[in-house]
Asks: 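Next up is a structure, given as structure tokens.
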Amino acid sequence: MIPSTTPLSPPSEHALPQSVDAWLARIEARGSEARIVLGLERVRAVWQRLWGDRPFPHPVITVAGTNGKGSTCAYLEAIYRAAGYRVGCYTSPHLVRFHERIRVGGVPIEDAALIAAFTAVETARDTVALTYFEFVTLAALWHFAQTSLDLVILEVGMGGRLDAVNLIDPDVAIVTTVDLDHQAWLGPDREAIGREKAGIFRTGRPAIVADPNPPQSLLNTAHALAAPLFRIGAEFGFEPQESQWRWWSTAAGQRAGLPAPALRGEGQWHNASAALMAVSLLRDRLPVPQQAVREGLLTATLPGRFQLLPGRPLLILDVAHNPQATAALAKNLRALRLPTPTYAIFGCYRDKPVEALVAPLVALIDRWWLVPTPGERGQDAAALEPVVTAAGARAVTVAKDVEAALAQAVKEAGPDDKIVVFGSFSIVGQALAWRDNVRTTNP
């Protein structure tokens, strides 16, 4: 561990990258050497050098879960911003630009601030090897600590207990859902995974659980820590009422006449309800009027979560990359009640259970294009083909990349058909970039 009392001299200017792209290339190259070793010792040592023993200067809400983390963060960010608060939000991964991960006031971090944060972490780490995620998380935390804020919202990258985000003690912790994903790191079943996600709970501090059927390990951890527990369907919940809905809590009364959550999908009721529970628990420090709740629910945005892009054919983007998420995607597609043909563009990392991912969707998709994913965990599209076909998929084509697949799908689809792009964040990000390029080229 680095001694916390000896300041480091900053590296010479010529030794450090001068652009964000060069910094990211450097961090990624070094991160691949560090290997993922779950634990907080390395990040805690570097944070000690960056911040010392001072408490984190802002209230914090930390959000973990298999699915629904990003949506819950989006509702929190939108509601508190509508109430006039200055909010820092850290989420991952990004879709198109790295800057999306670190936002203040809803605005992605600027190049100069990001380079300053990277420089601070590089100076403090000395010889400590950090993974890509550890490095950029420390940069985000340092940036937030230096900034005048009313609240910080942190999204866990993987698991919870040993995730770099868990370096900071949250004032309120939320676990959205618990399902199978990253089993090699988090354990083989929901009980083991729930225990890892419960690692963000803190003694005596509120723990919110939005999974309607949580593993017992999640609840046991909260009880062992004497963390006040708020479970959906027990201590809080929601009730749809025609075009509006009612949120209720045994501890904080109710909010009625609420507009439907802006984000699409059945699970959004759970995510929005968890966000409102956190808002209620922090009401003494950060009061939020009803109008701000309404405005936040209406304006929350999160690209790539059952995102419907207007046009003909209809383009649907979803970062569904685990079985729970693809099952939800299938349910949401059925709920659209659009009988026209559906085409799919799909790619995922090689550590994902491909057959389990595509199984919920094979009956709904008329034509498939498989695309490669980039990076160390990447997978060739050709490797997906036999598994997707064995799962029952019809009309499967291996494409060179997302852009080629989209061009072909748009050419073959009728104006009333649907094209669903799903799988890894990188796949959906490439689809968003393609859409933006098409808009620029053909305004």
Side-chain angles (χ1 to χ4, degrees), residues 20-21 24 70-71 73-74 77-78 91-101 103 106-108 261-265 268 298-321 325-326 328-330 332-333 335-336 338 340-349 357-358 361 364-375 378-379 381 384 397-443:
V20 171
D21 286 344
L24 292 174
S71 299
C73 291
E77 185 178 19
T91 58
S92 64
H94 60 277
L95 283 172
V96 180
R97 294 181 72 232
F98 177 89
H99 304 62
E100 301 165 21
R101 297 180 181 227
R103 301 185 296 279
V107 178
L263 304 179
R264 293 176 176 270
Q268 298 303 336
L298 285 168
T299 60
T301 58
L302 189 64
R305 277 69 167 187
F306 202 63
Q307 180 183 8
L308 275 60
L309 300 180
R312 306 184 73 187
L314 177 66
L315 188 61
I316 302 171
L317 307 181
D318 200 310
V319 292
H321 58 275
T326 55
L329 172 58
N332 292 334
L333 286 172
L336 285 178
L338 297 176
T340 54
T342 302
Y343 303 85
I345 296 170
F346 167 68
C348 70
Y349 292 120
L357 285 180
V358 302
L361 291 157
L364 302 174
I365 305 300
D366 299 279
R367 174 82 190 273
W368 293 75
W369 281 269
L370 306 178
V371 293
T373 45
Q379 179 163 224
L384 293 170
T397 299
V398 173
K400 178 180 69 173
D401 53 32
V402 173
E403 183 175 335
L406 276 165
Q408 189 64 32
V410 168
K411 182 179 179 181
E412 294 192 16
D416 297 322
D417 295 347
K418 308 175 291 297
I419 301 173
V420 182
V421 183
F422 77 101
S424 299
F425 274 76
S426 62
I427 302 302
V428 174
Q430 290 174 62
L432 276 171
W434 174 87
R435 188 278 306 263
D436 292 342
N437 183 56
V438 168
R439 278 184 172 178
T440 303
T441 308
N442 306 299

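What you see is a predicted model; the values in this text were computed from it and never measured. All residue numbers refer to positions in the sequence shown, counting from 1.
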Asks: Is there a side-chain contact between Val358 and Phe346, using heavy atoms and a 4.5 Å cut-off?
Replies: yes
Asks: Please give me the minimum heavy-atom distance between Val421 and Ala431, naming the atom from each residue.
Replies: CG1-CB, 3.9 Å
Asks: Would you say the side-chain atoms of Glu100 pair up with the backbone N or O of Leu95, donor to acceptor, closer than 3.5 Å?
Replies: yes
Asks: Given side chains that start at C-beta, do those of Ser426 and Tyr349 come closer than 4.5 Å, heavy atoms only?
Replies: yes
Asks: List the atom of Gly414, the atom of Pro313, and the distance in Å for their closest heavy-atom pair.
Replies: O-CB, 3.5 Å
Asks: If you look at every heavy atom in Leu384 and Gly347, which pair is closest and at what distance?
Replies: CD1-CA, 4.1 Å
Asks: For residues Val410 and Trp434, determine if any side-chain heavy atom of one lies less than 4.5 Å from a side-chain heavy atom of the other.
Replies: yes
Asks: Would you find a donor on one side and an acceptor on the other, under 3.5 Å apart, between the side chain of Asp417 and the backbone of Ala413?
Replies: no
Asks: Do Leu315 and Leu406 have side chains that approach each other closer than 4.5 Å (heavy atoms only, starting at C-beta)?
Replies: yes
Asks: I would like to know whether Gln307 and Leu263 meet side-chain contact (heavy atoms from CB on, under 4.5 Å); could you show each step before the answer?
Replies: CA-CA 8 Å; Gln307 180 183 8; Leu263 304 179; over 6 Å; no
Asks: Would you say the side-chain atoms of Lys418 pair up with the backbone N or O of Thr340, donor to acceptor, closer than 3.5 Å?
Replies: yes
Asks: Which atom pair, heavy atoms only, marks the closest approach of Thr299 to Ala78?
Replies: OG1-CB, 4.1 Å
Asks: Apply the test side-chain contact (heavy atoms from CB on, under 4.5 Å) to residues Leu338 and Leu333: give CA-CA distance (whole Å), side-chain angles for both, the deciding distance (0.1 Å), then the verdict.
Replies: CA-CA 8 Å; Leu338 297 176; Leu333 286 172; over 6 Å; no
Asks: Measuring from Leu314:CG to Asp416:CG, what's the distance to the nearest 0.5 Å?
Replies: 10.0 Å
Asks: Determine the minimum heavy-atom distance between Arg101 and Ser92, stating which atoms define it.
Replies: NH1-CB, 3.7 Å
Asks: Going from CD on Glu403 to CD on Gln430, what distance comes out if it is rounded to the nearest 0.5 angstrom?
Replies: 9.5 Å
Asks: Rounded to the nearest 0.5 Å, what's the gap from NE2 on His321 to CZ on Phe422? Could you check?
Replies: 12.5 Å
Asks: Can I get a per-line list of side-chain donor-acceptor pairs under 3.5 Å for residues 365-374, giving both atom names and the distance, sequence neighbours left out?
Replies:
unit_1, atom_1, unit_2, atom_2, d
Asp366, OD2, Thr342, N, 2.8
Arg367, NH1, Glu412, OE1, 2.5
Arg367, NH1, Glu412, OE2, 3.3
Arg367, NH2, Thr397, OG1, 2.8
Thr373, OG1, Cys348, O, 3.1
Thr373, OG1, Gln379, N, 2.8

Asks: If only atom types and distance count, is the side chain of Arg97 paired as donor or acceptor with the main-chain N or O of His94 below 3.5 Å?
Replies: no
Asks: If you measure from CG on Leu302 to OG on Ser71, what distance do you get to the nearest 0.5 Å?
Replies: 5.0 Å
Asks: Would a distance-only check, ignoring hydrogens and angles, find a side-chain to backbone donor-acceptor pair under 3.5 Å from Gln408 to Ala404?
Replies: no
Asks: Working to the nearest 0.5 Å, report the span between CZ of Arg264 and CG of Leu308.
Replies: 4.5 Å
Asks: Looking only at non-hydrogen atoms, find the nearest pair between Ile345 and Ala409 and report the distance.
Replies: CD1-CB, 4.3 Å
Asks: Rounded to the nearest 0.5 Å, what separates atom CG in Asn332 from atom CD1 in Ile316?
Replies: 9.5 Å
